[in-house]
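Please read the structure below before turning to the comments.
We count residues from 1, following the sequence as given.
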Amino acid sequence: MNKKLLNILCVLMLLCGLSVVAAADLTNHDFTTFKMDIPNDANLTEETGFNGKDVIENAVRSNGGSIPVSDLESDPANTHPVWTDNVNNISIQFINCEEDKLSDHANAMKQMYANSTFKEDSGNLHIYDMSKVRGEGSYGVCVENNGKSVVVITGDDLDLLKKMGESVKFN
């Protein structure tokens, strides 16, 4: 009996130690409009992402059938910031719902990733299967700010994406 109890205690101590090590691999990053924990070894590159098919089609239609990409990019209603980390194969997007004309996480995912499928809600996180978009075993995690904004985190490690999503604090 004592051996069994000792083994259980050793396993619990090992698990606690592993969770402390895993938590230490993240550091808080300020994205100006929100803060979030990201991997320590992340190497973020900021880019511009388009808000989706409908937004682009409407801009082209409003401009007589064609519009230079530079004009699309210069209008905040058509774009949003995207941070890519090739080290950990993740991307982070910030969508301002009022400015970007994407009303919520479901609308944003439908517009930007039509082939993604809703998987589940986990607390305040909305999780999508991104296998048809980014390849097998990839996910999208969305965090909403009361209809004002959405952070979309995509990648392959769902546990990491959830930890990152749970750490989001909107400014």
Side-chain angles (χ1 to χ4, degrees), residues 8-9 11-55 79-171:
I8 291 172
L9 286 173
V11 168
L12 286 173
M13 289 173 53
L14 178 63
L15 289 175
C16 288
L18 288 175
S19 27
V20 169
V21 169
D25 289 338
L26 297 177
T27 187
N28 196 267
H29 185 81
D30 188 348
F31 290 89
T32 308
T33 50
F34 67 100
K35 293 178 181 158
M36 178 175 68
D37 292 346
I38 62 171
N40 280 340
D41 62 350
N43 183 11
L44 297 176
T45 305
E46 186 173 354
E47 303 166 357
T48 298
F50 289 108
N51 288 341
K53 182 177 157 282
D54 289 353
V55 170
T79 61
H80 61 271
V82 179
W83 296 269
T84 305
D85 173 23
N86 291 325
V87 173
N88 297 286
N89 194 28
I90 56 175
S91 73
I92 303 159
Q93 301 178 58
F94 176 79
I95 292 127
N96 178 324
C97 293
E98 296 166 1
E99 186 177 90
D100 295 342
K101 300 177 186 166
L102 297 173
S103 56
D104 59 17
H105 74 90
N107 180 256
M109 293 301 285
K110 178 181 160 196
Q111 288 298 313
M112 296 184 310
Y113 301 111
N115 290 328
S116 67
T117 52
F118 179 74
K119 181 175 165 54
E120 66 185 358
D121 283 332
S122 176
N124 69 334
L125 305 178
H126 309 287
I127 300 169
Y128 287 79
D129 182 339
M130 301 280 287
S131 295
K132 293 180 181 175
V133 179
R134 292 177 47 112
E136 194 62 38
S138 57
Y139 302 93
V141 172
C142 302
V143 184
E144 289 186 288
N145 181 20
N146 298 322
K148 298 176 189 169
S149 54
V150 179
V151 172
V152 180
I153 313 158
T154 58
D156 302 331
D157 183 344
L158 184 55
D159 290 333
L160 172 62
L161 300 179
K162 284 181 176 180
K163 285 178 189 172
M164 292 171 66
E166 290 166 351
S167 74
V168 170
K169 302 283 186 253
F170 293 96
N171 295 336

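Each of Thr27, Val87, Leu160 was checked for a side-chain contact (heavy atoms from CB on, under 4.5 Å) with Pro39, and the lone residue meeting it is Leu160. When each of Leu158, Leu26, Ile38 is tested with Lys163 by the rule side-chain contact (heavy atoms from CB on, under 4.5 Å), just one qualifies, namely Leu26.
Take Asn86 and apply the side chain to side chain contact (heavy atoms under 4.5 Å, CB included) test, not counting sequence neighbours, and it matches Thr84. In this view, Asn89 and Arg134, Asp156 satisfy the side chain to side chain donor-acceptor pair (under 3.5 Å) rule, not counting sequence neighbours. Every ring-ring contact (aromatic ring centres under 6.0 Å, His included) that Phe31 has, sequence neighbours left out, goes to His29, Phe34, Trp83. By the side chain to side chain donor-acceptor pair (under 3.5 Å) test, Ser138 pairs with no residue at all, sequence neighbours left out.
Although no hydrogens or angles enter the test, the distance criterion places no donor-acceptor pair under 3.5 Å between the side chain of Asn146 and the main chain of Lys148. Not one N or O on the side chain of Asn88 forms a donor-acceptor pair closer than 3.5 Å with the backbone of Ile90. Between the Asp85 side chain and the Asn43 main chain, a donor and an acceptor come within less than 3.5 Å of each other.
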Distance-only donor-acceptor pairs under 3.5 Å for side chains of residues 123-130, two or more places apart:
unit_1	atom_1	unit_2	atom_2	d
His126	ND1	His105	NE2	3.4
His126	ND1	Asp121	OD1	2.6
His126	NE2	Glu144	OE1	3.2
Tyr128	OH	His105	ND1	2.8
Asp129	OD1	Ser131	N	2.8
Asp129	OD1	Ser131	OG	2.7

Less than 3.5 Å apart, which donor and acceptor atoms pair up between the side chains of residues 164-171 and the rest of the protein, not counting sequence neighbours?
unit_1	atom_1	unit_2	atom_2	d
Ser167	OG	Asp37	N	2.8
Ser167	OG	Met164	O	2.7
Asn171	ND2	Thr32	O	2.4

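Closest non-hydrogen pair, Lys132 versus Asn115, comes out as CB-O, 3.5 Å. When all heavy atoms of Cys97 and Gly147 are compared, the closest pair comes out as CB-O, 3.4 Å. Closest heavy-atom contact between Cys142 and Val152: SG-CG2, 4.0 Å. Closest approach of Thr154 and Gly140 over heavy atoms only: CG2-CA, 3.9 Å.
For the atom pair OH of Tyr139 and CD1 of Ile153, the computed distance is 15.0 Å after rounding to the nearest 0.5 Å. The distance from the CG atom of Asn145 to the CZ atom of Phe94 is 7.5 Å, given to the nearest 0.5 Å.
The shortest distance between side-chain heavy atoms of His80 and Asn96 does not fall below 4.5 Å.
More than 12 heavy atoms of other shown residues, nucleotides or ligands fall within 6.0 angstrom of atom CD in Glu46.
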